[in-house]
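Accompanying notes for the structure given below.
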Amino acid sequence: MPDRPDNPQAALIAAAAPFRAALLDWYRRHARVLPWRNAPSLYKTVVSEFMLQQTQVKTVLPYFARWIAALPDFAALAAAPEAQVLKLWEGLGYYSRARNLHKLARALAPLPEPPRRPEEWLSLPGIGPYTAAAITSINFGAHAAVVDGNVVRILARLSADGTPYRDSSTAAKTFAPLASALLNTAAPGDHNQAMMELGATLCLRRKPLCLTCPVRTLCACHSRGLEPENYPRLAPRQIEKLTVARAWCVKNGKLLLHRTPAKSRRLAHLYELPSAEQLGTRAGDFFGTTAKPLLTKKRGITRYQITENIFAAEAPEPLPADLEWIALDELEAITLSGPHRRWVRELLRATP
DNA sequence: AAAACGGGGCA
DNA sequence: TGCCCAGTTTT
């Protein structure tokens, strides 16, 4: 691509020094007080980064406190049974993160010391480019720039980049060189955290607080009078609608649940209300009858918009694979996904 | 009810 | 590269 005299990205790189200084100064005065920033440790960084992978800070806070209290270091996590790990994660969602974190602790255990370079972390479970850069820059001062959704948003606005991106991962890849060029190698961890802090607290998706932005004078949107809300341009996602029929089956003080196999791609080793298919019943047998669902819930998850209908049902005989009877007074001890946990509580209150 | 937010794994 | 993961919060 030929250089244009008004290339805002080149201008930004030329102004890297004042950018870094203004950003770091702002961060050191305005950084939120977060538990993984107090008495920081590699373990706290790793746990918080896993929890923050697809979840916002506010949601993570109570889970992080509970987790650190129960499993205070890598050794405790490596020694913990999987059931405890999943239970501590219950409600956070995307449970492969918990399983990967557990695997990570066990992978680190035999090493004399944890790796210090991002490339080494990349081969560990649950670690991608973002997490590798975050962990090694924060804990070891590695010269690795993070590129998460916050950083993409900031860089697209700073450079007034109106390129339409197919998805967020394409955008992240495109902005990686610019993020690296701007990295403050004297304080990579704080620089990276400052970028994400700026994105999370000021350079917001829809209502950016430009008046208080420490780098607005270096922002191409600001100097050109462009609306930052329009940057970056990301293609809208395709949504697929799905309907699931589930069974509510209580007998002799026990609830019938499906336990997802350990190797399953989703909800591995978690319990859920059995779907019609898992019960060995065609969904049509539920929908075809005049029976009305006990409960109907809608939820959006990844690329799906799912309507969940929960029907009263009889247990099949014999019991199909992966179905288990769980005593009602032991339900709190097992791990369900957040929505399933709420539905079970709601239905137990409604049908005592 | 719909949109926003959001990294890694895997074929 | 393209699809999947099976969630919460905000608007």
Under 4.0 Å from OP1 or OP2 of C:dT10: is there any side-chain N or O of A:Lys207 that close? no

Output for pair (A:Phe19 CZ, A:Thr217 OG1), nearest 0.5 Å, gives 10.5 Å

Separation of C:dG7 P from A:Leu86 CG (nearest whole Å): 12 Å

To the nearest angstrom, the CZ-C1' distance between A:Arg99 and B:dG8 comes to 15 Å

Whole-angstrom distance between B:dG6 and C:dC3, as gauged at atom C1': 16 Å

What is the distance, to the nearest angstrom, from the CZ atom on A:Arg303 to the C1' atom on B:dA3? 17 Å

Given atom CD1 of A:Ile239 and atom P of B:dA2, what is their separation to the nearest angstrom? 10 Å

From the candidates C:dT9, C:dC5, B:dG9, the one with an atom nearest any side-chain atom of A:Tyr94 is C:dC5

Tell me what A:Gly300 touches on the nucleic acid: a base, only sugar-phosphate, or nothing, going by heavy atoms under 4.0 Å. base

A:Phe50 CZ to C:dC5 P, in whole Å, measures 20 Å

Presence of A:Arg166 side-chain N/O under 4.0 Å of C:dG2 phosphate oxygens OP1/OP2: yes

P-based separation of C:dT9 from B:dG8 [nearest Å]: 22 Å

Dump the intermediate steps for ring pair (Phe, Tyr, Trp, His ring centres under 6.0 Å) on A:Tyr63 and A:Trp89, then the final yes or no. CA-CA 7 Å; A:Tyr63 288 92; A:Trp89 202 271; 7.9 Å; no

Base, sugar-phosphate, or nothing for A:Ser337, non-hydrogen atoms under 4.0 angstrom? sugar-phosphate

Just to verify, what does A:Arg259 make a side chain to side chain contact (heavy atoms under 4.5 Å, CB included) with, not counting sequence neighbours? A:His269, A:Tyr271, A:Glu324

For a quick check of understanding: with a heavy-atom distance under 4.0 Å over all strands, which category does A:Asp148 fall into, base, sugar-phosphate or nothing? sugar-phosphate

Check the distance between C:dT1's C1' and A:Lys173's NZ and give it to me in whole angstrom. 8 Å

Residue pairs fulfilling salt bridge (charged side-chain N to carboxylate O under 4.0 Å, His left out) with at least one residue in residues 9-25 of chain A, sequence neighbours excluded: A:Asp25-A:Arg29

Can a side-chain donor-acceptor contact be found between A:Thr55 and A:Arg97 if the only test is distance below 3.5 angstrom? yes

For A:Leu92 and A:Glu240, take the nucleotide of DNA chain C holding the closest heavy atom to each; which residue's nucleotide lies nearer the 5' end? A:Glu240

Under 4.0 Å, heavy atoms only, any strand: does A:Gln54 hit a base, just the sugar-phosphate, or nothing? base

So, OP1 or OP2 of B:dG6: does either fall under 4.0 Å of a side-chain N or O from A:Arg153? yes

Using a heavy-atom cut-off of 4.0 Å across all strands, would you classify A:Lys58 as base, sugar-phosphate, or nothing? sugar-phosphate

Between P on C:dG7 and CZ on A:Arg342, what's the gap in Å once rounded to a whole number? 9 Å

Please report, rounded to the nearest Å, how far the P atom of C:dT8 is from the CD1 atom of A:Ile306. 12 Å

Would you give the length of the straight line joining atom CZ of A:Arg106 to atom CG of A:Leu101, rounded to the nearest 0.5 angstrom? 11.5 Å

Roughly how far apart are A:Thr136 OG1 and A:Glu119 CD, rounded to 0.5 Å? 8.0 Å

By nearest nucleotide on DNA chain B, pick out whichever of A:Ser96 and A:Lys298 is the more 5' one. A:Lys298

Answer yes or no: does atom NZ of A:Lys87 have more than 12 heavy-atom neighbours from other residues, nucleotides or ligands under 6.0 Å? yes

Closer to the 5' end of DNA chain B via nearest nucleotide, is it A:Arg265 or A:Gln53? A:Gln53

Scan A:Leu336 against the nucleic acid and name what it touches under 4.0 Å (heavy atoms): base, sugar-phosphate only, or nothing. nothing

NA contact type, A:Arg206, heavy-atom cut-off 4.0 Å: base, sugar-phosphate, or nothing? sugar-phosphate

Do the ring planes of A:His30 and A:Trp26 sit parallel (below 30°), tilted (30 to 60°) or perpendicular (above 60°)? parallel

Hey, can you pull the residues of residues 126-136 of chain A with a non-hydrogen atom under 4.0 angstrom from DNA chain B? A:Gly126, A:Ile127, A:Gly128, A:Pro129, A:Tyr130, A:Thr131

